[in-house]
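Here's the structure, in structure tokens; my notes come after.
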Amino acid sequence: MNTKTKLILGLGLLLFLIILLGTVSARYVNVLKEDTDNILVANYNTLEYTRNMLRALDSGTVDYFEKNLRLQESNITEIGEKEATAKLRKDFEIFKKYKDPSSLPTLRKEIYQIMEMNMKSISKKSEKAMHTAETANFWIALTGTLCILIALTLFINLPSNIANPIKILNESIRQIADKNYSQRVDIESDNEFGDLAKNFNIMAEKLEEYNSGNMAKVFKEKSRIEKLINNMTDPVIGLDENLRIIFVNEEASKILGMNATSMIGQPVQNLADKNDLLRILIQEIMISEDTSVDKNKPLKIFANGKESYFEKEIIDINITPTGEQSKLFVGYVIILRNVTEYKELDSAKTNFIATVSHEFKTPIASIIMSVQLLENKQIGVLNPEQINLIQSIKEDAQRLLSITGELLNITQAESGKIQLSILPVDPAEILNYAINATNTQAELKHIEFDIDVKKGIPSMNADRDKTAWVLTNLISNAIHYSHEHSKIYLSISKKDSNIIFKVKDNGDGIPEQYLEKIFNRYFRVPGTNKEGTGLGLAICKEFIEAQGGKISVESQIGSGSTFIVTLNSYLH
Ligand code: ADP
């Protein structure tokens with residue numbers, strides 16, 4: 001039987017019994033009232049009239065007797081009462097006529113007869129009322145007891161009947177919420193709770209099935225990603241939000257010289273205490289504002305049987321949990337990019353350039369000296385044509401000498417041995433030099449320069465050649481990454497004691513996430529298909545910073561980039 005029917009039956013029966021009790025009580029109260037009314041109206045009044053008649057006989061008041069006799073005549077209720085009253089009337093009329101005192105006892109006797117008749121009736125009717133009261137008592141007590149019994153049964157059984165299955169279901173739902181999908185409800189009844197339990201068990205079974213399927217999928221994905229990370233040629237280390245190691249790939253375990261399995265689950269700080277390299281790797285995480293380490297400088301690590309260079313990248317991992325708005329930090333991934341090959345190529349190139357430019361410098365200088373000797377009239381007089389030829393050889397040799405000088409500059413920057421030659425110089429002259437050096441390149445792409453040199457720019461103390469090299473490089477890049485028939489905006493301005501050079505192009509711009517990295521050595525924006533080495537901007541930075549200046553970039557995808565060089569005019 002279901003709970004609803006149970007409730008309807010129980011409460012319905014209770015209601016029926018309460019109504020029955022009410023009706024029975026009301027009915028018996030009515031019957032009792034009728035009985036007493038009967039006694040009152042029918043017999044009590046007669047007793048009153050007969051008593052008055054007796055009193056009237058004693059006092060001899062005939063009118064009073066007459067009045068009560070008339071009232072009695074209209075209150076006949078008992079069998080034989082009518083005849084007795086008629087006889088009394090007849091004898092009273094004779095008495096009234098003859099006033100014979102001997103008839104008084106007869107009248108009194110007849111009155112007593114009527115009185116006795118009614119007295120008997122009163123005792124009969126009160127017996128009947130007693131009987132009615134007893135029957136009422138019985139029925140009221142019976143229905144009352146039934147009501148109490150049913151109410152008691154409902155009181156004891158109903159709350160637990162409803163609350164117990166809800167409690168069991170509630171507990172099971174909590175278990176499911178705690179991901180205990182094997183939880184089942186055991187309610188063996190054919191009511192609504194039984195149905196609910198059955199459906200709950202079906203749901204739990206499906207959740208269990210789904211969960212195990214999902215887990216298998218997650219495990220598959222996990223092992224696929226683990227394989228991928230393990231096969232990466234770059235060392236990778238993963239940390240959770242409590243800085244415990246969650247994964248270490250083979251390359252990482254090789255360069256750290258530690259067993260990957262023994263590292264997993266360990267607090268990285270504990271391992272770093274025993275491993276210098278790991279300590280350097282997590283330095284940035286441990287001390288957030290650590291200025292003692294140059295984050296951009298490649299790390300020199302002994303790996304693969306030789307000295308290798310790695311660039312470190314630390315990525316914060318943030319996730320947005322289901323149903324939540326804010327992000328949750330869940331750990332770090334440390335990636336080391338092996339740049340040894342670039343480093344080796346670069347130093348080979350630097351050595352080569354340094355050697356070649358050094359070797360070129362002496363013969364070029366001797367060519368210039370020989371040409372100057374040829375110009376000497378003591379050696380011989382030259383005709384105008386020869387003078388022209390000598391002049392052009394001298395200019396070319398001078399250019400060659402300055403190119404070799406520039407090449408030496410680059411090698412100095414690359415090897416970290418920058419030699420500065422700070423002298424007063426006109427900023428506009430430096431910009432002009434850079435414009436002349438890149439003019440042909442700009443013409444080839446039909447690019448125009450829009451030059452804006454503010455008035456009153458004072459001369460400044462700077463390394464003329466190196467600053468010119470930087471501007472040449474920036475303009476050359478601007479041309480490189482600009483569309484044909486576009487404009488490049490070049491400006492010099494002054495702010496406080498600073499001279500500011502700006503090179504602005506209308507090219508494709510640089511994605512925001514790479515803005516900080518483009519000044520790193522060998523860094524090229526992924527997808528750049530122009531020829532290049534990724535060294536130019538790094539050397540620019542070194543040349544400018546060596547002079548105490550600053551170089552920065554502002555860029556927006558689609559609307560070009562602006563490179564800003566700031567040098568203090570009163571340098572050194
Ligand atoms: P290279 O030009 O030889 O690649 P650079 O150090 O000069 O090396 O530049 C580094 C990277 O910065 C380039 O590869 C290019 O992706 C980006 N870059 C430099 N200048 C610009 C520019 N004006 N517009 C867009 N990207 C630029």
Side-chain angles (χ1 to χ4, degrees), residues 294-298 309 311 313 337 339 341-343 345-350 352-353 406-407 409-416 418 431 434-435 437-442 444-451 466-491 500-546 549-566:
D294 182 356
K295 291 177 197 165
N296 297 328
K297 215 169 155 203
Y309 290 87
E311 260 182 11
E313 191 168 0
R337 276 204 308 134
V339 290
E341 210 179 310
Y342 296 101
K343 232 353 217 185
L345 279 174
D346 185 40
S347 67
K349 182 209 70 187
T350 309
F352 174 73
I353 295 173
E406 229 172 64
L407 285 172
N409 274 343
I410 299 170
T411 55
Q412 276 174 25
E414 286 179 6
S415 54
I418 301 170
L431 182 63
I435 290 170
T438 50
N439 239 337
T440 328
Q441 194 189 346
L444 280 173
K445 283 182 87 173
H446 310 283
I447 288 171
E448 270 181 39
F449 292 126
D450 184 353
I451 303 157
K466 293 193 172 62
T467 313
W469 191 95
V470 169
L471 287 180
T472 310
N473 206 281
L474 294 181
I475 299 172
S476 167
N477 270 354
I479 298 169
H480 222 83
Y481 299 105
S482 276
H483 305 290
E484 286 197 0
H485 299 283
S486 60
K487 265 190 183 177
I488 289 174
Y489 172 84
L490 304 169
S491 76
I500 302 159
F501 296 88
K502 280 190 184 170
V503 178
K504 180 176 183 314
D505 64 59
N506 291 310
D508 291 336
I510 303 160
E512 204 191 327
Q513 69 264 37
Y514 301 126
L515 286 179
E516 237 187 80
K517 293 186 176 164
I518 57 166
F519 294 102
N520 290 356
R521 283 178 172 225
Y522 319 111
F523 182 82
R524 310 197 66 222
V525 172
T528 306
N529 45 21
K530 305 256 169 20
E531 289 263 308
T533 56
L535 270 171
L537 288 177
I539 296 171
C540 287
K541 190 168 180 249
E542 281 173 49
F543 276 1
I544 296 301
E545 285 179 355
K550 258 184 7 205
I551 184 165
S552 62
V553 63
E554 288 167 3
S555 185
Q556 244 179 356
I557 289 290
S559 51
S561 321
T562 307
F563 283 85
I564 305 155
V565 172
T566 310

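Predicted model, so just to flag it, every value in this text is computed and none were measured. Both counts, for ligands and for their atoms, begin at 1 and track the order of listing. Residue numbers run from 1 in the order of the sequence given.
- Each of the following atoms of ligand 1 lies closer than 4.0 Å to a heavy atom of I518: 12 (O).
- The closest non-hydrogen atom to atom 23 (N) of ligand 1, taken over D505, L474, N506, comes from D505.
- Counting heavy atoms under 4.0 Å from ligand 1, residue V525 touches it through both backbone and side chain.
- Residue contact check for ligand 1: F523 places a non-hydrogen atom closer than 4.0 Å to it.
- Taking 4.0 Å as the cut-off, S561 counts as a neighbour of ligand 1 on heavy-atom distance.
- For the pair K466 and F543, the distance from NZ or CZ to the six-membered ring centre is under 6.0 Å and the angle to the ring normal is within 45 degrees.
- For T438, the side-chain hydrogen bond (donor to acceptor under 3.5 Å, both in side chains) test picks out no residue, with sequence neighbours left out.
- Proximity of L537 to ligand 1, defined as any heavy-atom pair under 4.0 Å, is shared by backbone and side chain alike.
- Here the side chain of K445 pairs a donor or acceptor atom with the backbone of I479 at under 3.5 angstrom.
- Using bins of under 30°, 30° to 60° and over 60° for the plane-to-plane angle, the ring pair F519/F563 lands in the perpendicular bin.
- Salt-bridge formation is detected for the pair K517/E313: a Lys NZ or Arg NE/NH1/NH2 atom is positioned less than 4.0 Å from an Asp or Glu carboxylate oxygen.
- Y309 places none of its side-chain heavy atoms less than 4.5 Å from the side chain of Y342.
- Put simply, no part of F519 is less than 4.0 Å from ligand 1, judged by heavy atoms.
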